[in-house]
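Here's the structure, in C-alpha cells; my notes come after.
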Amino acid sequence: QVQLVESGGGLVQPGGSLRLSCAASGSIAKIAVMGWYRQAPGKQRELVATITGAGSTRHADSVKGRFTISRDNAENTVYLQMNSLKPEDTAVYYCNYKYGVNYWGKGTLVTVSA
C-alpha cells in the first residue's frame with residue numbers, strides 16, 4: 001500500500017506562483033513513476049506532469065515553461081513548482097504514484113483568481 005498526501009494549494013492571483021508537495025509513504029518503489037494530474041470543475045482529470053525514478057520528466061503542453069515537476073527520492077516527495085499561474089489553472093491537483101498499481105492522493109485545491 002502507498003499513501004499520498006498533497007499540500008501547498010491555495011488562492012493565488014494571476015501571474016503568481018505556488019509550490020505543491022506530495023509526500024509518499026508505505027511500500028515505495030524508487031523506480032515508480034510519480035506525477036500530478038488536475039481536474040477542473042465540469043472537466044475530466046488531465047495529466048499535468050510526470051517524473052520517473054531516474055528523473056525523466058514530461059509536462060503537458062498547457063503548462064510547459066510555467067510548471068516544473070521534481071522529485072526527492074530520499075524524502076519520497078514529489079513537487080510541482082507552478083509559476084505564471086492563469087485562471088484556467090484553477091483545479092484540484094492530485095498526486096499519482098504508478099508502479100503496477102495506481103495510487104492517488106485526495107487532492108489539493110488551487111484557485112487562481114484576482
Side-chain angles (χ1 to χ4, degrees):
Q1 288 288 332
V2 173
Q3 295 78 43
L4 304 171
V5 179
E6 304 99 333
S7 61
L11 173 64
V12 62
Q13 292 187 339
S17 298
L18 281 176
R19 188 193 195 203
L20 304 184
S21 299
C22 172
S25 61
S27 301
I28 305 299
K30 302 297 185 185
I31 62 172
V33 175
M34 296 189 69
W36 291 95
Y37 291 71
R38 67 185 182 187
Q39 187 166 16
K43 294 188 176 181
Q44 290 188 329
R45 191 172 298 189
E46 63 177 4
L47 169 74
V48 177
T50 60
I51 185 167
T52 69
S56 295
T57 62
R58 172 189 173 195
H59 294 80
D61 288 343
S62 59
V63 306
K64 280 181 181 176
R66 301 188 298 122
F67 292 11
T68 303
I69 190 170
S70 62
R71 180 170 180 166
D72 184 337
N73 281 335
E75 296 294 330
N76 292 327
T77 301
V78 64
Y79 304 96
L80 186 68
Q81 178 66 44
M82 306 187 293
N83 299 327
S84 303
L85 281 159
K86 304 175 181 179
E88 51 263 45
D89 294 317
T90 295
V92 177
Y93 284 71
Y94 296 92
C95 181
N96 175 260
Y97 171 100
K98 185 183 301 182
Y99 185 63
V101 180
N102 261 314
Y103 292 93
W104 296 93
K106 293 183 178 181
T108 184
L109 177 63
V110 172
T111 303
V112 185
S113 174

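These numbers come from the heavy atoms of this one structure, side chains and all, not from hydrogens, waters or symmetry mates.
No continuous path of hydrophobic side-chain contacts links Leu18 to Tyr94 [ILVMFWY only; heavy atoms under 4.5 Å]. Hydrophobic clustering (side-chain heavy atoms under 4.5 Å, transitive across Ile, Leu, Val, Met, Phe, Trp, Tyr) groups Ile51 together with Leu4. When the side chains of ILVMFWY residues are joined at heavy-atom separations under 4.5 Å, either directly or via intervening members, Val2 and Val78 end up in a single hydrophobic cluster.
The shortest non-hydrogen separation linking Lys64 to Asp61 is NZ-OD1, 3.1 Å. Scanning both residues, Val48 and Val63, for their nearest heavy atoms gives O-CG2, 3.7 Å.
Between the CZ atom of Arg58 and the OG1 atom of Thr52 there is a distance of 12.5 Å, given to the nearest 0.5 Å. With rounding to the nearest 0.5 angstrom, the CG atom of Leu20 is 9.0 Å from the CD atom of Gln81.
Between the side chain of Asn96 and the main chain of Tyr103, a donor-acceptor pair closer than 3.5 Å is present.
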Side chains of residues 23-43: which donor-acceptor partners sit under 3.5 Å, not counting sequence neighbours?
residue: Ser25; atom: OG; partner: Gln3; partner atom: OE1; Å: 3.4
residue: Lys30; atom: NZ; partner: Asn73; partner atom: O; Å: 2.5
residue: Lys30; atom: NZ; partner: Asn76; partner atom: OD1; Å: 2.8
residue: Arg38; atom: NE; partner: Glu46; partner atom: OE2; Å: 2.7
residue: Arg38; atom: NH1; partner: Asp89; partner atom: OD1; Å: 2.9
residue: Arg38; atom: NH1; partner: Tyr93; partner atom: OH; Å: 2.9
residue: Arg38; atom: NH2; partner: Glu46; partner atom: OE2; Å: 3.2
residue: Gln39; atom: NE2; partner: Lys43; partner atom: O; Å: 3.1

What pairs of donor and acceptor atoms, side-chain ones from residues 104-114 against any protein atom, are under 3.5 angstrom apart with sequence neighbours left out?
residue: Thr108; atom: OG1; partner: Gly9; partner atom: N; Å: 3.2

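Within the structure, no pair that satisfies the ring pair (Phe, Tyr, Trp, His ring centres under 6.0 Å) test touches residues 8-32, not counting sequence neighbours. Among residue pairs with one or both ends in residues 39-91, none qualify as ring pair (Phe, Tyr, Trp, His ring centres under 6.0 Å); sequence neighbours excluded.
By the side-chain hydrogen bond (donor to acceptor under 3.5 Å, both in side chains) test, Lys86 is found to be paired with no residue, residues two or more places apart in sequence or in another chain being considered. Looking at residues two or more places apart in sequence or on another chain, you find no side chain to side chain contact (heavy atoms under 4.5 Å, CB included) involving Gln44.
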